[in-house]
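Reading through the structure tokens given below for one structure.
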Amino acid sequence: DAGITQSPRHKVTETGTPVTLRCHQTENHRYMYWYRQDPGHGLRLIHYSYGVKDTDKGEVSDGYSVSRSKTEDFLLTLESATSSQTSVYFCAISSQGRENYGYTFGSGTRLTVV
Amino acid sequence: SQQGEEDPQALSIQEGENATMNCSYKTSINNLQWYRQNSGRGLVHLILIRSNEREKHSGRLRVTLDTSKKSSSLLITASRAADTASYFCATSFNAGGTSYGKLTFGQGTILTVHP
């Protein structure tokens with residue numbers, strides 16, 4: 001998707017290993033979000049950021065951490081991957097945080113923990 | 001949970017027919033949005049309706065919002081095979097303070113349009 005890229009697109013990792021997913025934007029948007037998508041659960045918010053070094057937890061943050069050292073990059077780290085973290089992870093960006101005007105989503109990262 | 005719920009879970013129609021999907025939510029909102037997701041892709045924003053609006057149109061899309069019933073509907077008129085996708089509603093909740101634009105998504109409706 002224009003202006004936002006996620007890497008890697010696919011990853012297989014072993015239980016107990018740390019994994020970092022990257023979201024990069026070229027839109028200079030202030031707000032960035034990480035969601036996971038699972039069958040039967042829709043999209044659930046993991047963490048979000050409202051500025052450089054400003055982050056907070058979402059609905060399903062256990063086992064995840066994030067960092068945002070510059071506007072364009074938002075990293076999601078699975079500290080010790082578990083099979084329950086097998087999912088599709090989406091990053092989204094928004095220019096308006098107080099009243100959301102719509103997200104732009106990345107193409108997703110399909111993560112498999114074996 | 002503040003998560004919205006969509007109905008039906010799956011909808012199968014013929015090309016040219018109208019498709020209607022419904023979304024219900026539980027708490028007061030700032031706005032409600034609809035997104036489309038094609039298989040294996042990210043979500044794409046379709047339309048946003050604010051809490052003080054009752055109806056909104058965009059091309060073949062018509063969205064209604066009934067805040068008294070905490071529900072919304074998305075109507076796609078004259079459906080095409082290319083409309084085949086999953087459709088999600090998402091709500092921006094009015095928490096009385098800064099929400100940071102967080103959205104809560106429903107589980108989606110899978111729409112299949114047969115040529």
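First the proteins, then the strands, lettered A, B, ... as listed; each starts at 1. On a predicted model such as this, the values are computed, not experimentally measured, just so you know.
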Query - Heavy-atom side-chain contact between B/L103 and A/Y33 under 4.5 Å - result: no
Query raised in the report: How long is the span from the NE2 atom in B/H45 to the CZ atom in A/F105, to the nearest 0.5 Å?
Result: 10.0 Å
Report summary line: Rounded to the nearest 0.5 Å, the OG atom of A/S94 sits from the NZ atom of B/K102 at a distance of 13.0 Å
Report task. Name all pairs fulfilling the ring-ring contact (aromatic ring centres under 6.0 Å, His included) condition that reach into residues 46-87 of chain B, sequence neighbours left out, sorted by first residue then second. Result -> none
Query raised in the report: To the nearest 0.5 Å, how far apart are OG1 in B/T104 and CZ in A/R44?
Result: 12.0 Å
Report task. Treat each ILVMFWY residue as a node, draw an edge where side-chain heavy atoms are under 4.5 Å apart, and state whether A/L75 and A/M32 are in one component. Result -> no
Report task. Check whether any side-chain heavy atom of A/T104 lies under 4.5 Å from a side-chain heavy atom of B/V44, and answer yes or no. Result -> no
Query raised in the report: For the residue pair A/Y103 and B/F105, does the interplanar ring angle fall in the parallel (under 30°), tilted (30 to 60°) or perpendicular (over 60°) class?
Result: tilted
Report task. Count the heavy atoms of every other residue, nucleotide or ligand shown that sit under 6.0 Å from CD1 of B/I110, and state whether that count exceeds 12. Result -> no
Query - B/Q14 atom CD, neighbour heavy-atom count above 12 within 6.0 Å - result: yes
Report task. Look only at the side chain of B/Q107 and the backbone of A/G40, and say whether a donor-acceptor pair between them is shorter than 3.5 Å. Result -> yes
Query - Rounded distance [0.5 Å steps], CD in B/Q37 versus CZ in A/F90 - result: 5.0 Å
Query - chain A contact via B/Q9 - side chain, backbone, both or neither, heavy atoms under 4.5 Å - result: neither
Query raised in the report: Does a sphere of radius 6.0 Å around CZ in B/R80 hold more than 12 heavy atoms from other residues, nucleotides or ligands, not counting ones at 6.0 Å or beyond?
Result: no
Query - pair B/F88-A/Q37: side-chain heavy atoms closer than 4.5 Å - result: yes
